[in-house]
Amino acid sequence: MAKGNTTKITDELYGYMLAHNPPLNAVQRELVETTYARLPDHAGMQSAEEQAPLLAFLVRLVGARHIVEVGTFTGFSALAMAQALPADGRLIACDISEEWTAYGREAWAKAGVADRVDLRIRPALDTLQAMPDMPHIDFAYLDADKDNYIAYWEELVPRMRPNGLIAVDNVLFQGKVVDPAATGPAAAIQRFNDHVKRDDRMDSVLLTVADGLTLSRKR
């Protein structure tokens, strides 16, 4: 077996990576700083900094016009994706917190993309199940409660158009997915990863980006 795990991500190397990626724009940077300042106990829920340019890149790569995000928190990832959409594109953002998403609303308005984001405050499964059951979603980003990942996946996959892309965050769950005695969210992620691997409707790859990122293309 070829061994590829030879490059260890030190703080210095992580900084180098960020410096050679597209930088966050002013509104994105302000939202990151606001999240850490005002919600320090929950800020770890925010997508990693390097994921913003990656998500924008993927949105443009697939030519997305219809995006669904499951789990919005303070709106950092939604901001990056909305800014990558064409003017007539739309992003449906699913969350249950008016408090946390209020920071996102403010940032989206500052960035001039508030008209591209349709924030729906209700359980995400309800929002997904109410969508047309035909293939129509170009891109989806899943970063919400881990226990429901499989349920969200099963609502999203039939609604993805051919060659549509799903990106799923936290699929390494701080490394706990390799623990055979894992419980709680880590065990839920283990079940989800196995579920995705068996799903022959999708072509999927699991990447060591941030806390683990799975990319899945609808066949």
Side-chain angles (χ1 to χ4, degrees), residues 9-121 124 127 137-144 165-171 174 207-215:
I9 306 299
T10 62
D11 289 344
E12 181 180 16
L13 189 56
Y14 183 74
Y16 180 90
M17 177 271 295
L18 291 179
H20 287 78
N21 268 329
L24 301 187
N25 59 49
V27 180
Q28 291 171 351
R29 176 62 62 193
E30 181 183 11
L31 181 55
V32 169
E33 293 175 353
T34 297
T35 299
Y36 275 87
R38 299 187 183 177
L39 300 170
D41 294 337
H42 302 285
M45 294 169 57
Q46 186 170 252
S47 294
E49 180 173 331
E50 64 268 28
Q51 288 174 285
L54 175 59
L55 289 171
F57 178 89
L58 294 172
V59 167
R60 296 187 181 103
L61 184 67
V62 302
R65 291 180 178 274
H66 187 183
I67 298 173
V68 174
E69 177 181 68
V70 182
T72 296
F73 189 41
T74 60
F76 176 60
S77 51
L79 174 61
M81 292 186 288
Q83 288 180 301
L85 278 170
D88 62 347
R90 293 295 178 270
L91 186 157
I92 296 175
C94 307
D95 208 281
I96 57 172
S97 174
E98 289 278 9
E99 176 190 358
W100 291 347
T101 56
Y103 296 105
R105 288 184 187 274
E106 183 177 349
W108 305 331
K110 285 183 180 179
V113 296
D115 61 332
R116 300 179 194 176
V117 182
D118 177 2
L119 177 61
R120 302 186 182 182
I121 302 295
T127 297
I137 301 171
D138 301 312
F139 187 82
Y141 182 49
L142 175 53
D143 183 16
L165 192 65
I166 304 177
V168 186
D169 200 18
N170 303 120
V171 292
Q174 303 162 11
L207 305 172
T208 56
V209 174
D211 190 32
L213 186 74
T214 288
L215 299 181

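All of these numbers come straight from a predicted model, not from anything done at the bench.
When all heavy atoms are compared, the tightest approach of Ala144 to Gly71 is CB-CA, 3.9 Å. Looking at every heavy atom in both residues, Val62 comes nearest to Asp138 through CG2-O, 4.2 Å. Closest approach of Val117 and Ala93 over heavy atoms only: CG1-CB, 4.2 Å. Between Ala210 and Gln51 the shortest heavy-atom distance is CB-OE1, 3.8 Å. In plain terms, the two heavy atoms of Ile121 and Ser97 that are nearest each other are CD1-O, 3.9 Å. Between Cys94 and Thr127, the shortest heavy-atom contact is SG-CG2, 3.7 Å.
Interatomic distance, Arg120 CZ to Glu69 CD, rounded to the nearest 0.5 Å: 13.0 Å. In this structure, NZ in Lys110 is found 12.0 Å from CG in Asn25, a value given to the nearest 0.5 Å. Rounding to the nearest 0.5 Å gives a distance of 11.5 Å between CZ of Phe139 and CD1 of Ile137. The CG atom of Leu207 sits 6.0 Å away from the CG atom of Leu213 when rounded to the nearest 0.5 Å. For the atom pair Leu54 CG and Ser77 OG, the distance stands at 11.5 Å (nearest 0.5 Å). Note that CG of Leu55 and CG of Leu61 are 12.5 Å apart. Values are rounded to the nearest 0.5 Å.
For the pair Leu58 and Leu215, the minimum side-chain heavy-atom distance is below 4.5 Å. At a threshold of 4.5 Å between non-hydrogen side-chain atoms, the residues Met17 and Glu49 do not count as touching. Residues Thr74 and Thr34 form no side-chain contact, since every pair of their non-hydrogen atoms from C-beta on lies 4.5 Å or further apart. Counting only heavy atoms from C-beta outward, the side chains of Arg65 and Asp88 approach each other to under 4.5 Å. With a 4.5 Å cut-off on side-chain heavy atoms, Leu79 and Gln83 count as touching. A heavy-atom distance below 4.5 Å is not found between the side chains of Ile67 and Tyr141.
Sorted by first and then second residue, the ring-ring contact (aromatic ring centres under 6.0 Å, His included) pairs involving residues 40-66 (not counting sequence neighbours) are His42-Trp100, His66-His136.
Not a single donor-acceptor pair under 3.5 Å links the side chain of Thr101 to the backbone N or O of Gly104. With hydrogens and angles ignored, the 3.5 Å screen pairs no side-chain donor or acceptor of Trp108 with any backbone N or O of Ala78. Judged purely by atom type and a 3.5 angstrom limit, Asp143 has no side-chain atom pairing as donor or acceptor with the backbone of Asp169.
Donor-acceptor pairing under 3.5 Å is lacking for the side chains of Tyr36 and Gln46.
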